[in-house]
Amino acid sequence: MRLATWNVNSLNARMPRVEQWLEELQPDVVCMQETKLSDDAFPAMAFKALGYDSAHHGFNQWNGVAILSRVGIDDVVEGFPDDDEPDRDARIIWATCGGVRVVSMYVPNGRTLADEHYQYKLGWLARLQRALDAHHTPRDLLVLCGDYNIAPGDDDVWDMAQFNDSTHVSEPERSAFRSLLEWGTVDLVRARYPEDGLYTYWDYRAGCFHKRMGMRIDHLLASTALAERSGFVFIDRNARKGTKPSDHTVVMAEFDV
DNA sequence: ATGGTCGTTCTACGA
């Protein structure tokens, strides 16, 4: 199974790039974030024409997450599988594709450490952890895909000096990320590639992409059982090049399932 | 030069 995650930053704006990319890379499962669509506007028929079944969770023009699959898509859950108050945003969707429990998620940005949105982010991450604790074990074939809005280590940003008292690198966020690893997941990119300079997001401004001023904030966290079956893992920087790219690029992995 | 863009959408705001 060939699986990818991509924050597309508006599927309306990105559809030509997404369709071209699907034909070139031939993934079996794709997790998308920031579709910025309501469910009724999601182009399910266009994906069907390319061979993909899909599930989408979106309320309006903000956030929105989706899963595409050509190996089946079952047991779809939108939001968190708990009895708490529904999440205020459409940020997470779950589905079983080809025997793997796939999660597509868009973790809240946080904005600034003093912003209420930062507390929402930490609460959101804690709620994700509780969902794992309640419904899964590391022996399950499970992969948590998406835009975490967390750079887990200092090597995951181009210059730590630019991130004093910033979100994405704060200790509480990194602690939440480590909790996911300690629960029993593997950061597939970091496990395979120890070097720095590996990024998945570059601000549109100031030529950041060309100056290699990026952040590694999009991740594939595979359960230990699934990680044992992983093959190639790579960041597809080509998706950030060319005409009308998203500001995030693709992380992709292959699994022997 | 101390910013620079692009998405939502129509006026700032979020990333």
Side-chain angles (χ1 to χ4, degrees), chain A residues 5-21 30-43 46 56-66 87-93 104-125 128 145-152 156-170 172-174 176-177 198-219 235-251:
Chain A
T5 188
W6 195 2
N7 179 325
V8 296
N9 186 20
S10 169
L11 193 51
N12 271 342
R14 214 63 58 214
M15 197 60 180
R17 290 292 302 256
V18 171
E19 290 185 313
Q20 180 185 33
W21 181 88
V30 182
C31 295
M32 294 190 292
Q33 302 84 37
E34 284 209 88
T35 61
K36 297 189 175 182
L37 295 174
S38 56
D39 286 341
D40 60 359
F42 183 76
H56 179 259
H57 179 46
F59 297 142
N60 50 35
Q61 69 271 48
W62 305 115
N63 313 299
V65 285
D87 191 6
R88 68 197 207 192
D89 296 332
R91 294 183 174 276
I92 186 165
I93 188 168
S104 178
M105 57 189 203
Y106 175 43
V107 178
N109 176 288
R111 298 180 187 160
T112 67
L113 297 185
D115 198 296
E116 175 276 337
H117 203 258
Y118 178 70
Q119 295 306 317
Y120 170 53
K121 181 179 195 174
L122 296 180
W124 200 98
L125 290 163
L128 172 66
C145 313
D147 177 359
Y148 287 65
N149 274 313
I150 299 171
D156 296 315
V157 296
W158 83 92
D159 181 8
M160 268 304 288
Q162 305 294 318
F163 287 86
N164 289 325
D165 300 319
S166 295
T167 60
H168 297 66
V169 301
S170 76
E173 294 163 80
R174 286 179 166 178
F177 188 89
L198 299 175
Y199 307 132
T200 65
Y201 163 84
W202 301 260
D203 197 303
Y204 283 124
R205 292 169 289 188
C208 285
F209 179 64
H210 303 285
K211 296 177 187 170
R212 303 184 181 276
M213 295 163 59
M215 306 169 70
R216 194 175 71 91
I217 57 176
D218 301 87
H219 307 292
I235 298 172
D236 180 13
R237 293 181 79 257
N238 287 332
R240 183 63 177 78
K241 301 176 183 175
T243 306
K244 281 182 77 73
S246 171
D247 44 3
H248 295 251
T249 199
V250 172
V251 186

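Below, chains carry the letters A, B, ... as their sequence lines are ordered, and counting in each starts from 1.
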| task | Would you kindly give the CG-to-P distance between A/Asn109 and B/dC6, to the nearest whole Å? | result | 19 Å
| request: Indicate whether OP1 or OP2 belonging to B/dG7 is found under 4.0 Å from a side-chain N or O atom of A/Lys244. | output: yes
| said: Work out how far the P atom of B/dC13 is from that of B/dT2, and round it to whole angstrom. | reply: 22 Å
| query | Which of the following nucleotides, B/dT8, B/dG7, B/dG4, is nearest to the side chain of A/Gln61? | reply | B/dT8
| field | Test of ring centre spacing under 6.0 Å for A/His219 and A/Phe177 | value | yes
| message | Distance check, C1' atoms only: B/dG4 and B/dA15, in whole angstrom units. | response | 15 Å
| request: Among the candidates B/dA15, B/dT5, B/dT8, find the nucleotide nearest to the side-chain atoms of A/Tyr106. | output: B/dA15
| said: Looking only at the side chain of A/Arg111 (C-beta and beyond, no hydrogens), which of the listed nucleotides B/dT8, B/dG7, B/dG14 gets closest? | reply: B/dG14
| task | Please state how far atom CH2 in A/Trp202 lies from atom P in B/dC6, giving the value in whole angstrom units. | result | 16 Å
| Of the candidate nucleotides B/dA15, B/dC6, B/dT8, which contains the atom at the shortest distance from the side chain of A/Glu34? | B/dA15
| Sidechain-backbone polar pair: A/Tyr106 side chain, A/Gly146 backbone, donor-acceptor under 3.5 Å | no
| request: Determine the interatomic distance between P on B/dC10 and the same-named atom on B/dG14; round to the nearest Å. | output: 15 Å
| Those residues that, when tested against A/Asp87, pass salt bridge (Lys or Arg N to Asp or Glu O under 4.0 Å) (two or more places apart) | none
| Rounded distance in Å - CD (A/Gln33) to P (B/dG14) | 21 Å
| message | Tell me whether the side-chain N/O atoms of A/Arg205 come closer than 4.0 Å to OP1 or OP2 in B/dA15. | response | no
| note | Across all chains, not counting sequence neighbours, the side-chain contact (heavy atoms from CB on, under 4.5 Å) partners of A/Ala239 are A/Trp6, A/Trp21, A/Asp236, A/Thr249, A/Val250
